[in-house]
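To start, the structure under review is shown below, and the notes come after it.
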Amino acid sequence: MMIIRRSDTLGTAHSGGQLLRCHFAFSDYQEAEHTHEGCLQAVNIGTMLPNGCYQIGPEAAVDILTWVRSGIVTTTMDHFQSEDIGAGGLHLISSGTGCRTLHWKAGGEGVSFIQFWILPDIEGTTPMQESRPQSSEDKSRGFQIIASGFPEDDPEEQENEEDNAPITLNARARLLQAALPAQEGAAYCTTPGRDLYMLVVSGSIRIGEETLFAGDAAAFEGITDLTVIANQHSELLLADVAADRPAKH
């Protein structure tokens, strides 16, 4: 089953001094029909003015992936050095047993970003961060894995491992990116018991008879094979998560 979420139906949340557009319930945006997609807890879109700040906390037991669409963002968390993430880069904060403060600051030209909050499979992990700059391969072919909790996705045998290895998640989940020229397609195959959530960052695509435009998203439940065709040059982000949320102990 495919469920389309049009961009003009997204919620709005006030969080950490910023205004976010939210695909699921978050902060002061609450909607019973849009609470989460499997272990995908949140998908938030934010834009910060030059030198603007977004600060939240405390947070625990969640992997927060920040993908930078444009600009530069400096990320800061407890007891870790700050990191600068540029356009196309990805940053992970794995809050584990808990972080008191999570902080993102825009550079001098402002920043546009998309965050994916994913529930981990493992409890009691030590908080950590990891970053991945944009790789030349990210825009060269179909869906590219940029974050994963599956050991088999770690390209240990590749010569350029440091350049394109996915960020390591604490959940058996993936975040993928695709940049498609007009009239070209991309396919992705997953396993039963998974939910997919795809966001059209830019451009326009079609899936069967349905067309999605920039800002639109689609959830796929009970579907293992996905094929998309770009109507124009398009950029996509795709989350593959467990359909069942982890039990709380």
Does Asn170 reach the main-chain N or O of Ile122 with its side chain, forming a donor-acceptor pair under 3.5 Å?
-> no

Nearest heavy-atom contact between Ala218 and Met2 is CB-CG, 4.1 Å

Side-chain contact test, heavy atoms from C-beta onward, threshold under 4.5 Å: evaluate it for Ile64 versus Gln115 and give yes or no.
-> yes

Judged by atom type as modelled, is there a donor-acceptor pair below 3.5 Å linking the side chain of Gln177 to the main-chain atoms of Leu236?
-> no

Residue that, paired with Ile207, satisfies side chain to side chain contact (heavy atoms under 4.5 Å, CB included) out of Ile229, Leu226, Ile4 = Leu226

Under the side chain to side chain contact (heavy atoms under 4.5 Å, CB included) rule, what do Phe220 and Met1 come out as? Steps first, then yes or no, please.
-> CA-CA 6 Å; Phe220 304 89; Met1 176 174 63; over 6 Å; no

Heavy-atom check, side chain of Leu199 versus side chain of Ile114, under 4.5 Å | yes

Do Ser204 side-chain atoms and Phe213 backbone N/O form a donor-acceptor pair below 3.5 Å?
-> no

Please assess Leu90 against Ile85 for the test side chain to side chain contact (heavy atoms under 4.5 Å, CB included), listing each intermediate value before the final yes or no.
-> CA-CA 7 Å; Leu90 184 68; Ile85 312 299; 6.0 Å; no

Hey, quick one: are Leu102 and Phe80 part of the same hydrophobic cluster, counting side-chain heavy atoms closer than 4.5 Å, chains of contacts allowed?
-> yes

Run the numbers on Thr35 and Phe24 for side chain to side chain contact (heavy atoms under 4.5 Å, CB included), then give the verdict.
-> CA-CA 5 Å; Thr35 55; Phe24 305 107; over 6 Å; no

Ala239 versus Leu40, closest heavy-atom pair with distance | CB-CD2, 4.2 Å

Within 45° of the six-membered ring axis of Phe150 and under 6.0 Å from that ring's centre, is NZ or CZ of Arg174 located there?
-> yes

How far does CE of Met128 sit from CD1 of Ile93, to the nearest 0.5 angstrom?
-> 10.5 Å

Name of the residue among Leu176, Asp153, Asp154, Leu169 meeting side chain to side chain contact (heavy atoms under 4.5 Å, CB included) with Ser148 | Asp153

Count the heavy atoms of every other residue, nucleotide or ligand shown that sit under 6.0 Å from CD of Glu33, and state whether that count exceeds 12.
-> no

With sequence neighbours excluded, what pairs up with Asp216 under the salt bridge (charged side-chain N to carboxylate O under 4.0 Å, His left out) test?
-> Arg6

Are any non-hydrogen side-chain atoms of Val73 and Phe113 less than 4.5 angstrom apart?
-> no

N/O donor-acceptor pair under 3.5 Å between Asp78 side chain and Arg100 backbone | yes

Under 3.5 Å side-chain donor-acceptor pair for Thr76 and Ser82 = yes

Same cluster for Val228 and Ile223 if Ile/Leu/Val/Met/Phe/Trp/Tyr side chains link at under 4.5 Å?
-> yes

Do the side chain of Glu109 and the main chain of Ala106 share a donor and acceptor less than 3.5 angstrom apart?
-> no

Grab the two heavy atoms, one from Asp63 and one from Ser94, that are nearest each other, plus how far apart they are.
-> OD1-OG, 2.7 Å

Is a side-chain N or O of Ser27 found less than 3.5 angstrom from the main chain of His14, in a donor-acceptor match?
-> yes

His103 vs Met77 side-chain heavy atoms within contact, under 4.5 Å | no

The residue among Asp240, Thr224, Thr227, Asp225 that forms side chain to side chain donor-acceptor pair (under 3.5 Å) with Tyr188 is Asp240

Give the minimum heavy-atom separation between Gly98 and Pro127, together with the two atoms involved.
-> O-CG, 3.5 Å

Student check: side-chain heavy atoms of Leu20 and Thr12 closer than 4.5 Å = no

Same cluster or not: are Leu65 and Leu119 linked, directly or through other Ile, Leu, Val, Met, Phe, Trp or Tyr residues, by side-chain heavy atoms under 4.5 angstrom apart?
-> no

Test item: side-chain donor near acceptor, Ser131 and His91, under 3.5 Å | no

Exercise: do Glu59 and Ser95 side chains pair donor with acceptor under 3.5 Å | no

Ring centres under 6.0 angstrom apart (Phe26, Trp117) = yes

His34 NE2 to Ile3 CD1 distance, which is reported to the nearest 0.5 Å = 9.0 Å

Which atom pair, heavy atoms only, marks the closest approach of Ser112 to Thr47?
-> OG-OG1, 4.0 Å

Do the side chain of Arg69 and the main chain of Val201 share a donor and acceptor less than 3.5 angstrom apart?
-> yes

Using a distance-only test with no angle check, is there a side-chain donor-acceptor pair under 3.5 angstrom linking Asn231 and Arg206?
-> yes

Has the side chain of Arg132 got a donor or acceptor atom that lies under 3.5 Å from a matching backbone atom of Ile167?
-> no

Ile72 reachable from Trp104 in the ILVMFWY side-chain graph, under 4.5 Å edges | no

Cut-off 3.5 Å, side chains only: do Tyr197 and His23 have a donor facing an acceptor?
-> yes

Measure the shortest side-chain to side-chain distance between Val68 and Val111 over non-hydrogen atoms and say whether it is less than 4.5 angstrom.
-> yes

On a heavy-atom basis, the closest approach of Val241 and Cys39 is CG2-N, 3.8 Å

Would you check if there is a donor-acceptor pair between the side chains of Ser15 and Tyr29 at a distance under 3.5 Å?
-> no

Glu152, CD: over 12 other non-hydrogen atoms inside 6.0 angstrom | yes

Indicate yes or no for a side-chain donor-acceptor contact from Asp195 to the backbone of Glu37 under 3.5 Å, with no hydrogens or angles considered.
-> no

Quick one: are Gln18 and Gln55 in side-chain contact, heavy atoms under 4.5 Å?
-> no

Carefully, step by step, assess Ser7 and Arg21 under the rule side chain to side chain contact (heavy atoms under 4.5 Å, CB included).
-> CA-CA 9 Å; Ser7 62; Arg21 299 189 68 209; 4.1 Å; yes

